[in-house]
Amino acid sequence: MSLSVSGLCRTFSHSSGPVEVLRGVDLSVASGELVTLSGPSGSGKSALITLLCGFDQPDSGTVLLDGSPLTGPPAWSRCAVLPQSLGLAGELTLAENAALPLRLSGRADEVHLVKELLVELGIDELADRYPAEVSFGQQQRAALARAVIAGPSVLLADEPTAHLDQRSAPAAVAVLRRAADRGAAVLIATHHDDVHAAADRTLTLRDGRIAH
């Protein structure tokens with residue numbers, strides 16, 4: 001599965017007038033490739049991730065998943081996302097949140113994989129706690145587990161290590177790298193040097209465009 005973006009534009013309304021956040025973005029990520037997206041805050045990285053996972057619609061341009069136009073949020077096994085807001089279900093434990101994509105895709109018999117992943121990310125002892133009972137960094141690792149657990153074909157992550165310390169970040173980077181090595185097309189918006197170091201390529205988004 002590959003990800004391809006062509007001519008993507010998005011403008012938001014503001015009290016001071018329209019704000020053109022993305023102005024003709026073109027990029028592609030191949031299967032098995034990890035690409036990082038750099039750029040200053042406000043450059044449009046989060047807006048781009050939101051469009052690529054179908055949570056928002058562009059004003060113009062196209063998003064193709066393996067050559068097919070994206071018309072809305074795809075199945076989690078096809079395209080998974082780790083947003084900055086995390087989006088964990090407060091009524092589910094960390095383990096239940098991480099296992100949700102497996103259950104939704106009829107793969108409940110594979111939930112044993114969750115424990116292995118939580119061990120790797122260092123939050124296995126918190127598996128039965130609810131999101132409100134743990135730190136934001138621990139929630140972020142649970143959201144990362146949820147994003148990768150079903151082996152998505154495309155993986156999008158928005159600042160996946162922003163709330164992790166120097167001890168927990170390397171495991172998260174390793175999980176993201178392994179997702180690409182197993183064949184996913186992985187795109188990560190990040191300011192973290194260690195994430196960029198694990199990438200095959202780094203693109204820079206500046207003033208709503210990919211800088212060349």
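Below, all heavy atoms of this structure are taken into account, side chains as well, without hydrogens, waters or symmetry copies.
Within 6.0 Å of CZ on Arg177 lie more than 12 heavy atoms contributed by other residues, nucleotides or ligands. By the 6.0 Å contact criterion, CG on Asp193 is open, its count of non-hydrogen atoms from other residues, nucleotides or ligands being 12 or less.
Between atom CG of residue Leu3 and atom SG of residue Cys53 there is a gap of 11.0 Å, rounded to the nearest 0.5 Å. Annotation: the span from His112 atom NE2 to Leu102 atom CG amounts to 9.5 Å, rounded to 0.5 Å. The distance from atom CG of Leu126 to atom CD of Gln139, rounded to the nearest 0.5 Å, is 11.0 Å. Atom CG in Asp66 sits 8.5 Å away from atom OG in Ser31 (nearest 0.5 Å). Rounded to the nearest 0.5 Å, atoms CD (Glu125) and CD1 (Ile123) are 11.0 Å apart. Note that the CG atom of Asp128 and the CD atom of Glu133 stand 10.0 Å from one another [nearest 0.5 Å].
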Chi angles and distances behind the side chain to side chain contact (heavy atoms under 4.5 Å, CB included) call for Leu70, Thr62
CA-CA 8 Å; Leu70 180 69; Thr62 57; over 6 Å; no
Does the side chain to side chain contact (heavy atoms under 4.5 Å, CB included) test come out yes or no for Leu144 and Leu176, once each step is laid out?
CA-CA 9 Å; Leu144 172 57; Leu176 291 162; 3.7 Å; yes
Passes side-chain hydrogen bond (donor to acceptor under 3.5 Å, both in side chains), Asp56 versus Thr50? Steps please.
CA-CA 6 Å; Asp56 188 21; Thr50 301; over 6 Å; no
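Looking at Asp26, Leu52, Leu22, Leu51 one by one, the single match for side chain to side chain contact (heavy atoms under 4.5 Å, CB included) with Val5 turns out to be Leu52. Under the side chain to side chain contact (heavy atoms under 4.5 Å, CB included) test applied with Val29, the options Val35, Ile188, Val186 reduce to a single match, Val35.
Under a hydrophobic clustering in which Ile, Leu, Val, Met, Phe, Trp and Tyr are joined whenever their side-chain heavy atoms come within less than 4.5 Å, directly or via other members, Phe55 and Leu8 fall into the same cluster. Under a hydrophobic clustering in which Ile, Leu, Val, Met, Phe, Trp and Tyr are joined whenever their side-chain heavy atoms come within less than 4.5 Å, directly or via other members, Ile210 and Leu34 fall into different clusters. At a threshold of 4.5 Å between side-chain heavy atoms, the hydrophobic network of Ile, Leu, Val, Met, Phe, Trp and Tyr places Val148 and Leu187 in two separate groups. Tyr130 is not connected to Val134 by any chain of hydrophobic side-chain contacts under 4.5 Å among Ile, Leu, Val, Met, Phe, Trp and Tyr, and they are in different clusters. Hydrophobic clustering of Ile, Leu, Val, Met, Phe, Trp and Tyr side chains at less than 4.5 Å, counting indirect connections, unites Leu27 with Val154.
Without hydrogens or angle criteria, Glu159 side chain to Gln84 main chain gives no donor-acceptor distance under 3.5 Å. Here the side chain of Thr161 pairs no donor or acceptor atom with the backbone of Leu164 at under 3.5 angstrom. A donor-acceptor pair under 3.5 Å is absent between the side-chain atoms of Arg206 and the main chain of Gly39, judged by distance alone. Formation of a donor-acceptor pair under 3.5 Å by the Trp76 side chain with backbone atoms of Arg146 is found in this model. Here the side chain of Asp124 pairs no donor or acceptor atom with the backbone of Lys115 at under 3.5 angstrom. With hydrogens and angles disregarded, a donor-acceptor distance shorter than 3.5 Å links the side chain of Arg78 to the backbone of Leu65. When atom types are taken as modelled, the side chain of Gln140 and the backbone of Leu86 share no donor-acceptor pair closer than 3.5 angstrom.
With respect to the salt-bridge test (charged N to carboxylate O, under 4.0 angstrom), the residues Asp59 and Arg23 do not qualify.
Minimum interatomic distance between Ala30 and Ser2 (heavy atoms only, all atoms of both residues): CA-CB, 4.4 Å. The two residues Val25 and Gly208 come nearest to each other via the heavy atoms CG2-O, 3.4 Å. Considering all non-hydrogen atoms of both residues, Pro160 and Leu82 come closest at CB-CD2, 3.6 Å. Nearest heavy-atom pair across Gly90 and Pro131 is O-CD, 3.9 Å. Minimum interatomic distance between Gly24 and Cys9 (heavy atoms only, all atoms of both residues): N-SG, 3.2 Å. Residue Gln166 comes nearest to Pro170 through the heavy atom pair O-CD, 3.2 Å, listed as atom of the first residue, atom of the second, then distance.
For residues 132-175, every residue pair satisfying the ring pair (Phe, Tyr, Trp, His ring centres under 6.0 Å) rule, not counting sequence neighbours, is listed here: Phe136-His163.
The shortest side-chain heavy-atom distance between Thr190 and Ser38 does not fall under the 4.5 Å cut-off. Between His191 and Ser41, some side-chain heavy-atom pair lies under the 4.5 Å cut-off. Proximity of Pro83 to Ile49: side-chain heavy atoms (C-beta onward) are nowhere separated by under 4.5 Å.
Scored by the side chain to side chain contact (heavy atoms under 4.5 Å, CB included) test, Ala99 finds Arg103, Val111, Val114 as partners (sequence neighbours excluded).
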